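Just so you know, these numbers come straight off a predicted model, no measurement behind them. Labels below follow one simple rule: chain letters A, B, ... track the order of the sequence lines, proteins then strands, and each chain is numbered from 1.
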Amino acid sequence: MTWWACGLGLLVTGLYAGHVRSGGFVYEDARWQAARAAPVVLGSRRMLTRASWALTPTARAAHGLSVALHLIVVGLLGVLAWRLGYSPDGVRLVALVAAVHPLTVEAVAYAAARGEVIAAIGILLAVIGAAGRWWRPWPLAGMVAGAGIGWLGKESAVVLLALVPLTIWVTGRRPPAVAWGYGVVLLWLGLVGAWTMTGLDSWRGLLTLGAGVPGWSSDVPAWVLLQAAATSRLLGVAVSGVGMTVDPDLDLMPWGFRVFALVVLAGVAEVAWRVHRTRPLVTYGLTWTLLSLVPRFIVQTPRGYLNEHQFYVPLLGLMLAGVAWWDGWAHQETTCRV
Amino acid sequence: MPLRWRRWLPVPIVGWCVWQTAQQIPAWRSELTLWSHAARMAPFKPRVALNYAGALLGDGQMRAGMRQLARAQAVADLPHVPAVDRHLTRRTIAVNLRRFREVTR
């Protein structure tokens, strides 16, 4: 496994070597780099992400750090798969696909998107803690620490509030009654503490991002249909591995396609439900994907449709589901009928 | 499919992923590579045309940049473009043109 992990690290390093060496700052990188000048206040919104920008003034350092953080995500995803009971081949495969999937490029190669990668690290730490005897002190500490890291990376890590119970459900570990009570109270206190640290005002601000922009009006059904179209497009890109772009033209998609996209998402939820007894890990991965998309359907930003770096965390769930399906299919025992 | 073949099914999939990732990473090398790639993928999106124009102007390709600005204006007037996009595109074009005239004066 060690040699294999080293090989994986070398593969990812090789893929991004050219970008780290000669890639510059692009698109909103300049805006975030300008924000570096502001002091990083302890517990402020996206504190870890802003601190990471402050630590990496040059493009080379910024891209190098993003690649290193991506490798941490890959490693943590492998640990999660192992704790969930994937076969050794399944663990290797899920890490390998996460490492080299083309849909992860935006989150890794674009320094301004680093918040998603840090949020993913926090989420994975929390769910790894939940994938075992989670009521014990160390897993609980891991869950709270993961929640803190995720939230101080990016607000999208709020999805771990749903992913942690989902992980507890799929592993089926039931704690002793007393420990259950302590565990829930501790976790809740940790989450509330992290929530308070990041500042309630900034959270409220997220829900009114479009206010004051001329020509923008909040239209919930239209927004949901557009986000469904964006999600379905990204699901297609995730499966096919082609069609990546920083700014797809979703406004060009006809209304019929947007409604169809919503039906596709409902279909994914239906599949997740249908296999929850026979293939619980497939259900786990698909539900992970759907749950981690929910914030993007709620927070409305002018011209801000779901993009590839925001799909970084949902993609992890899709990989877990795909590899869980393959794991069962490739390793199933043939039975002899007597 | 025989069981022993099923284990090897991910090999071409992973190979395809590596190939596509290797193709995609260079798009993020600079503003110009990023927006020229985006313009090929979304030719009727004003923000893309606008950012591509900005990248060209930033690279010193003034004539091509101005052509893209004009194209962004034309694309912004297409019926599928939302009002907020149209408004922001027009405003950004006006700012860019003003800067361009100041620079070339």
Side-chain angles (χ1 to χ4, degrees), chain A residues 11-12 14-19 22-27 29-30 63 89 92-93 96-97 99-106 108-111 210 213-217 222 226 237 240-254 302-303 308 322-323 326 329-334, chain B residues 1-52 54-55 58 75 78-91:
Chain A
L11 175 64
V12 174
L15 275 171
Y16 285 96
H19 185 68
S22 58
F25 287 125
V26 292
Y27 199 17
D29 281 345
H63 297 317
D89 284 345
R92 288 190 197 102
L93 183 60
L96 182 57
V97 175
V100 300
H101 198 285
L103 207 46
T104 60
V105 168
E106 184 167 315
V108 183
Y110 180 28
V213 177
W216 166 259
S217 60
L226 258 172
V237 173
S240 66
V242 293
M244 287 77 64
T245 176
V246 63
D247 201 359
D249 198 352
L250 293 166
D251 298 314
L252 204 55
M253 289 183 177
R303 312 199 300 169
E308 287 167 20
V323 174
W326 170 82
W329 182 66
H331 295 97
Q332 68 188 21
E333 298 295 330
T334 47
Chain B
M1 186 185 282
L3 211 54
R4 62 198 166 102
W5 288 8
R6 293 181 186 182
R7 282 189 65 185
W8 299 104
L9 181 73
V11 173
I13 296 171
V14 170
W16 174 248
C17 283
V18 171
W19 170 255
Q20 285 300 320
T21 299
Q23 297 294 306
Q24 185 63 16
I25 292 170
W28 288 88
R29 185 157 290 178
S30 68
E31 285 283 321
L32 203 56
T33 54
L34 180 66
W35 292 110
S36 63
H37 177 263
R40 280 197 302 277
M41 299 295 287
F44 300 109
K45 183 149 191 175
R47 180 166 59 188
V48 170
L50 205 55
N51 285 331
Y52 188 27
V75 168
L78 292 174
H80 77 277
V81 177
V84 61
D85 238 358
R86 194 169 295 135
H87 173 84
L88 290 173
T89 304
R90 282 183 187 148
R91 199 175 66 182

Quiz prompt | Atom pair NE2/CG of B/His80 and A/Leu252 - distance to nearest 0.5 Å | solution = 4.5 Å
Quiz item: Do B/Trp35 and A/Val26 pass the side chain to side chain contact (heavy atoms under 4.5 Å, CB included) test, and can you show the C-alpha distance, the side-chain angles, and the key distance before you say yes or no?
Solution: CA-CA 10 Å; B/Trp35 292 110; A/Val26 292; 6.0 Å; no
Self-check item: Distance (rounded to the nearest 0.5 Å) between A/Met244 CE and B/Thr21 OG1
Solution: 6.5 Å
Quiz item: Residues of residues 8-15 of chain B under 4.5 Å from chain A (heavy atom pairs)?
Solution: B/Leu9, B/Pro10, B/Val14
Quiz item: If you round to the nearest 0.5 Å, how far is CE of B/Met41 from CG of A/Asp247?
Solution: 11.5 Å
Quiz prompt | Interatomic distance, A/Asp251 atom CG to B/Leu78 atom CG [nearest 0.5 angstrom] | solution = 11.0 Å
Quiz item: Under the side-chain contact (heavy atoms from CB on, under 4.5 Å) test, which residues partner B/Ala49, sequence neighbours left out?
Solution: B/Gln68, B/Ala72
Quiz item: Which residue pairs pass the salt bridge (charged side-chain N to carboxylate O under 4.0 Å, His left out) test with at least one member in residues 14-42 of chain B, sequence neighbours excluded?
Solution: none
Quiz item: In chain order, what residues pass the salt bridge (Lys or Arg N to Asp or Glu O under 4.0 Å) check against B/Arg86, with sequence neighbours excluded?
Solution: none
Quiz prompt | Residue, of A/Leu250, A/Leu93, A/Val246, that accumulates the most heavy atom pairs under 4.5 Å with chain B | solution = A/Val246
Quiz item: So what's closer than 4.5 Å to chain B heavy atoms on A/Trp326: side chain, backbone, both or neither?
Solution: side chain
Quiz item: Rounded to the nearest 0.5 Å, how far does CG of A/Leu15 lie from CH2 of B/Trp19?
Solution: 12.0 Å
Self-check item: Pick from A/Ser22, A/Ala99, A/Gly243, A/Gly322 with the largest number of heavy-atom pairs that fall under 4.5 Å of chain B
Solution: A/Ser22
